[in-house]
Amino acid sequence: MFTESELLHSSVRHQRLLDSWSPYDLAVFEAGVCAYGKVFHKIQKFLPNKSVNEIVELFYYWKAGSHYSLWKKNKRKTREPAGLYSQREKLQKLLKDFSDN
């Protein structure tokens with residue numbers, strides 16, 4: 001009988017896409033999608049350990065899942081009054097400030 005840890009790290013087990021993504025990487029990915037949409041090379045700047053291809057692959061995997069459905073349903077589609085930052089601009093600034101530190 002195998003332990004759960006042995007099964008997860010077995011060389012026989014097929015590696016899944018999410019196995020190489022940490023919770024932190026996933027959070028940065030989602031913030032990047034909110035800020036930049038499908039401009040994957042900009043998202044990749046915040047995930048230097050991931051290639052653009054890996055980000056594209058995750059995007060379409062993520063989009064097919066239930067988490068994307070919840071995210072899209074709760075995403076705000078309202079416009080802000082002129083002169084104020086839009087939600088996307090705020091996220092872009094936040095990601096830029098975060099990467100500068």
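Along the sequence shown, the residues carry numbers beginning at 1.
In this structure, Leu58 CG and Asp25 CG are separated by 9.5 Å, a value rounded to the nearest 0.5 Å. Going from atom CG of Leu47 over to atom OG of Ser22 covers 8.5 Å, rounded to the nearest 0.5 Å. From Glu54, atom CD reaches atom CH2 of Trp21 across 6.5 Å, with rounding to the nearest 0.5 Å. In this structure, Ile43 CD1 and Lys50 NZ are separated by 14.0 Å, a value rounded to the nearest 0.5 Å.
The side chain to side chain contact (heavy atoms under 4.5 Å, CB included) test applied to Lys45 returns no partner, not counting sequence neighbours.
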Show me the side-chain donor-acceptor pairs of residues 28-42 shorter than 3.5 Å, one per line, residues at least two apart or across chains.
{"unit_1": "Glu30", "atom_1": "OE1", "unit_2": "His67", "atom_2": "NE2", "d": "3.4"}
{"unit_1": "Glu30", "atom_1": "OE2", "unit_2": "Trp62", "atom_2": "NE1", "d": "2.8"}
{"unit_1": "Glu30", "atom_1": "OE2", "unit_2": "His67", "atom_2": "NE2", "d": "2.8"}

